[in-house]
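Presented below is the structure to which this report refers.
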Amino acid sequence: MKKEYDFSKAKRGKVAKEVKVLKTVRLDSDVLQWLEEEGEKQGMGYQTFLNWFLKKSMGNEISLEERISKLEKAVFTKKA
């Protein structure tokens, strides 16, 4: 190691907006493969893509029951 370091041109690191939580999750291999492929298509790693995808899903305010109802109406339209 050097005895002296030059920090005159150093820049302060950015402060993280949100604290990330480390959690172990078990995924099927095909799901992980899809995440990796889709993440690569989007130009990001699979974990970043997964986080983005889940946040996007969280923003979808429609409930599962409402989604099923919409699908049923689209698939089983009444014939006059």
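No side-chain donor-acceptor contact under 3.5 Å links Asp28 to the backbone of Asp30.
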Acceptor/donor pairs from residues 36-54 side chains to any protein atom, 3.5 angstrom cut, sequence neighbours excluded:
residue: Glu37; atom: OE2; partner: Gln33; partner atom: NE2; Å: 3.1
residue: Glu38; atom: OE2; partner: Lys41; partner atom: NZ; Å: 3.1

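Leu22 and Val19 are not part of a single hydrophobic cluster, where members link through side-chain heavy atoms under 4.5 Å apart. Hydrophobic clustering (side-chain heavy atoms under 4.5 Å, transitive across Ile, Leu, Val, Met, Phe, Trp, Tyr) groups Val31 together with Val25.
Separating the NZ atom in Lys73 from the CG atom in Leu71 is a distance of 11.5 Å, to the nearest 0.5 Å.
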